[in-house]
Amino acid sequence: MKLPNIQTLALVGAQYGDEGKGKLVDYYADWADFIARCTGGANAGHTISINGRTYVFHLIPSGILHDKLNVIGNGVALDPRIISEELEILARSGIDCARRLRIAQNAKLVLPQHLVLDRVRESAMGQGKIGTTGRGIGPVYEDHYRRIGLVVNDLLNLDLFVVKLERNLKEATRVLSLYNPELVKEVLHHPHLENGRFYAKKNLFDRDAIIAEYRRYTTILGEMIEDTDSLLRAAVGKKRILLEGSQGNLLSIDHGTYPFVTVCDCTIDGLVKGAGLDRRDVDRVLGIAKAFYITRVGRGPFPTEIGGDRAATWCGRNDVNKEMEQTEAEACGATLESVDPLLQNIAIRRAGKEYGSTTGRPRRIGWFDLPILRYSRKLTGKHIALTKLDVLNECSRIKICTEYQYGGLIRYRIGKKSIEPGDILYEAVIASEVMNCCTPCYREFPGWKRDICDIRSWKKLPQELKNIVLFIEKAADVTVTLLSVGPDREQTIIRDD
Ligand code: IMP
């Protein structure tokens with residue numbers, strides 16, 4: 001693996017998440033000594049195959065199958081129920097995580113009330129909902145900033161845990177009293193909340209049941225809890241560190257399409273903070289971008305969505321339909337060549353297996369978007385990896401969005417500048433109000449119409465595909481250093497022209 005002069009490498013999503021970071025973590029894991037996952041929580045998901053069986057993991061770092069030190073950093077919202085289940089699966093497969101995994105003592109602790117708050121609020125928001133994954137990530141971070149949250153280290157001091165839990169429960173119960181009690185009760189009986197085990201008729205939450213459950217987690221996780229900030233800081237410059245981002249720049253709470261974002265800063269800034277490091281400790285940031293289509297899960301602006309509002313409604317309506325993959329497979333003769341954009345959208349989703357690994361929701365599908373890549377470049381830098389290139393093997397026309405036209409009815413003021421109706425935007429203006437009114441302008445390219453999965457060098461890639469990559473590089477001032485042409489580790493091309 002060619003990574004001269006690089007000791008710390010960070011992989012960051014350059015779009016709306018799900019860019020294929022998991023595969024690249026696996027690809028670089030051989031090179032690394034430490035693999036650290038530092039933001040997000042069980043809202044993310046990646047697929048791991050063990051002894052021929054496939055599992056979707058949410059919290060365990062993607063590098064766990066490698067005999068390296070895997071770290072869950074301080075920026076992660078850790079749900080002990082989920083990680084305990086994942087550890088059990090790994091233990092059954094003979095993988096000793098006690099040796100391989102360290103969990104930050106200051107990672108944020110997810111409690112049952114966080115899941116309840118997340119789900120109740122989303123259900124009550126109607127049309128205004130964000131489309132969260134329901135894993136409690138938002139409420140955990142809210143509690144953190146309100147200074148009433150718990151951290152993983154609290155599992156090690158049970159008396160203190162109980163005091164903090166009680167204070168937190170009191171606040172959660174007060175907030176939940178504002179909502180329909182039937183809805184709250186129903187949510188408390190969700191399978192992710194042990195089918196009502198934490199429900200108590202009188203106080204809403206059964207405090208003792210929560211304490212008993214979290215005491216069990218202390219036994220499972222206790223020996224892995226450590227000051228990982230110091231561990232990673234001491235390793236900078238001496239060991240090879242791979243930082244694994246979660247979600248993508250456009251979902252960042254600070255730099256994304258607010259309010260349709262997650263609650264972490266998913267950019268390189270959030271990633272290094274969640275590792276206890278400094279931006280200057282990172283030698284190379286690699287922005288990961290899906291190509292030449294992109295995806296988004298949940299609500300929020302998505303100018304290049306293929307099929308526009310019709311497609312958004314289709315995915316929205318099927319938000320909770322876990323059988324969506326099956327439904328779409330049987331539904332229609334959708335192909336990559338379908339003239340109806342909704343059918344083409346469905347065909348790309350099926351070809352790319354774009355169904356949320358955490359929720360099973362259909363991911364929304366759009367064409368590659370240069371205005372957001374230009375925006376992302378400012379956050380991530382110029383090194384880009386393009387993933388999932390093989391998905392459009394059979395597509396004869398590929399559309400690349402080169403700029404947006406702002407179609408808002410009135411002038412939008414932004415700082416000292418303003419955007420007038422009809423203006424052309426080369427770089428995305430990330431305000432949701434603006435993005436929602438943008439119409440993409442496209443340039444069409446001929447597809448390559450052949451299988452590229454077995455190609456291992458840039459030179460051998462079809463000229464049609466290389467032309468699009470070269471166009472993107474020039475148009476967004478980026479350097480594409482890696483291309484992924486299939487899900488396997490070997491199906492990776494390092495650019496060497
Ligand atoms: P939350 O992170 O569950 O609060 O969800 C907030 C928004 O971020 C929703 O639109 C989710 O669909 C989106 N989101 C959260 N995690 C991921 C991810 O791993 N991939 C893609 N979208 C995500």
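Note that ligands are numbered from 1 as they come in the structure, with each ligand's atoms numbered from 1 the same way. Note that the structure is a prediction, hence the values are computed from the model and not measured.
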* **Shortest non-hydrogen contact between Asp30 and His66, atoms and distance** => OD1-ND1, 3.6 Å

* Asked: Do other residues, nucleotides or ligands put more than 12 heavy atoms under 6.0 Å from the NZ atom of Lys382?
  -> yes

* Would you find more than 12 non-hydrogen atoms of other residues, nucleotides or ligands less than 6.0 Å from Tyr426 atom OH? -> no

* Please list all pairs passing the salt bridge (Lys or Arg N to Asp or Glu O under 4.0 Å) test where one or both residues lie in residues 259-277, with sequence neighbours left out. => none

* Could you tell me whether a side-chain N or O of Lys108 sits under 3.5 Å from a main-chain N or O of Asn106, the two making a donor and an acceptor? => yes

N or O contacts of ligand 1 with protein under 3.5 Å, please list pair by pair.
{"unit_1": "ligand 1", "atom_1": "2 (O)", "unit_2": "Asn43", "atom_2": "ND2", "d": "2.9"}
{"unit_1": "ligand 1", "atom_1": "2 (O)", "unit_2": "Thr262", "atom_2": "OG1", "d": "2.6"}
{"unit_1": "ligand 1", "atom_1": "3 (O)", "unit_2": "Thr133", "atom_2": "N", "d": "2.8"}
{"unit_1": "ligand 1", "atom_1": "3 (O)", "unit_2": "Thr133", "atom_2": "OG1", "d": "2.6"}
{"unit_1": "ligand 1", "atom_1": "10 (O)", "unit_2": "Val297", "atom_2": "O", "d": "3.2"}
{"unit_1": "ligand 1", "atom_1": "12 (O)", "unit_2": "Gly131", "atom_2": "O", "d": "3.4"}
{"unit_1": "ligand 1", "atom_1": "12 (O)", "unit_2": "Val297", "atom_2": "O", "d": "3.2"}
{"unit_1": "ligand 1", "atom_1": "12 (O)", "unit_2": "Arg361", "atom_2": "NH2", "d": "3.0"}
{"unit_1": "ligand 1", "atom_1": "16 (N)", "unit_2": "Gln247", "atom_2": "NE2", "d": "3.0"}
{"unit_1": "ligand 1", "atom_1": "19 (O)", "unit_2": "Gln247", "atom_2": "NE2", "d": "3.3"}
{"unit_1": "ligand 1", "atom_1": "20 (N)", "unit_2": "Asp18", "atom_2": "OD1", "d": "3.2"}
{"unit_1": "ligand 1", "atom_1": "20 (N)", "unit_2": "Asp18", "atom_2": "OD2", "d": "3.1"}

* Qualifying residue, where the test is side chain to side chain contact (heavy atoms under 4.5 Å, CB included) with Thr492 and the options are Leu482, Val485, Thr387 -> Leu482

